[in-house]
Amino acid sequence: QLTLRSSGTDAETGSLTVGTGARIETPALSSVTLSAANRLLVDGEVHAAGGNIALAIDARQQATPDVATTTTLWVGEHARLDVSGQAILAPTTNGLRQGNVLAGGRITLAAKGASGTEPVLVLQQGAQIDAAGASAVLDRAVLTDGGVRWQRGEVASNGGSVAIEANRALVTEGHIDLHAGGTGASGGTLAVTLTAGGSGLGTDAPENQLRELRVAAGPTVRTAGIAL
């Protein structure tokens, strides 16, 4: 398990960055947690086959009227979060292909905060979220009329899960892959939650008006080319 957190020294600080070109590679079924108090920018790669990746901010910086928030969980255009399934072959001396096919793991993105904060989550165009299943050709024991025999065939695993949650606002323009590994397996699940918490700026403030969660067909370009 790998955990990196930037707590900051006061309510205004706490920032963590995984820069462009950086790569975190962990063994299969590992858990990786990256979190910050106010600002988390991931533009590199994180890999944990069949495992768990969690990105989170827990905002403490209070919102200021008419000033854009800087409390942000930003998954950049070069980022790749990968918990896709993987075939793990076991060494044998009998010539059989034996092993296990891991299902896709779990990815959670959460931008939350205390009352009066405005945490925002952005999955930038170009970012890749991968929790797909996998497949492999393995030998399996099959009971037949003539007894137990080995039969070679494809073994597929299920897709994993992705959960995205934000308090203030969220934009998801990246690519999310939850497909099944093959025939007989199931695709994964996607959960998106927008929690319209109060900003502490008063009931008439635009930040405290009703918010909408919109699902649009086709590509969008709101975040294309933006650099932080």
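Sequence positions, counted from 1, serve as the residue numbers for this chain. Since this is a predicted model, take the numbers as computed values, not measurements.
Between Val18 and Leu34 the shortest side-chain heavy-atom distance falls below 4.5 Å.
Applying the under-4.5 Å side-chain rule to Ile, Leu, Val, Met, Phe, Trp and Tyr, the cluster around Leu96 extends to Trp150.
No donor-acceptor pair under 3.5 Å is formed between the side chain of Asp130 and the backbone N or O of Ile176. When atom types are taken as modelled, the side chain of Ser157 and the backbone of Ala134 share a donor-acceptor pair closer than 3.5 angstrom.
The closest side-chain donor-acceptor pair between Asp177 and His179 falls under 3.5 angstrom. Inspection of the Thr20 and Asp43 side chains reveals an N or O donor paired with an N or O acceptor under 3.5 Å. A donor-acceptor contact closer than 3.5 angstrom is absent between the side chains of Arg39 and Thr72.
Rounding to the nearest 0.5 Å places CD1 of Ile57 at 11.5 Å from CG of Leu41. Expressed to the nearest 0.5 Å, how far CD of Glu165 lies from OG1 of Thr108 amounts to 10.0 Å. Annotation: the span from Ile107 atom CD1 to Ile164 atom CD1 amounts to 9.0 Å, rounded to 0.5 Å.
For Glu118 and Arg168, the salt-bridge test passes: some basic side-chain N is under 4.0 Å from an acidic carboxylate O.
Arg106 is linked by a salt bridge (charged side-chain N to carboxylate O under 4.0 Å, His left out) to nothing, counting only residues two or more places apart in sequence or in another chain.
Among pairs with a residue in residues 131-148, those fulfilling side-chain hydrogen bond (donor to acceptor under 3.5 Å, both in side chains) read Asp139-Arg152, at least two apart in sequence or across chains.
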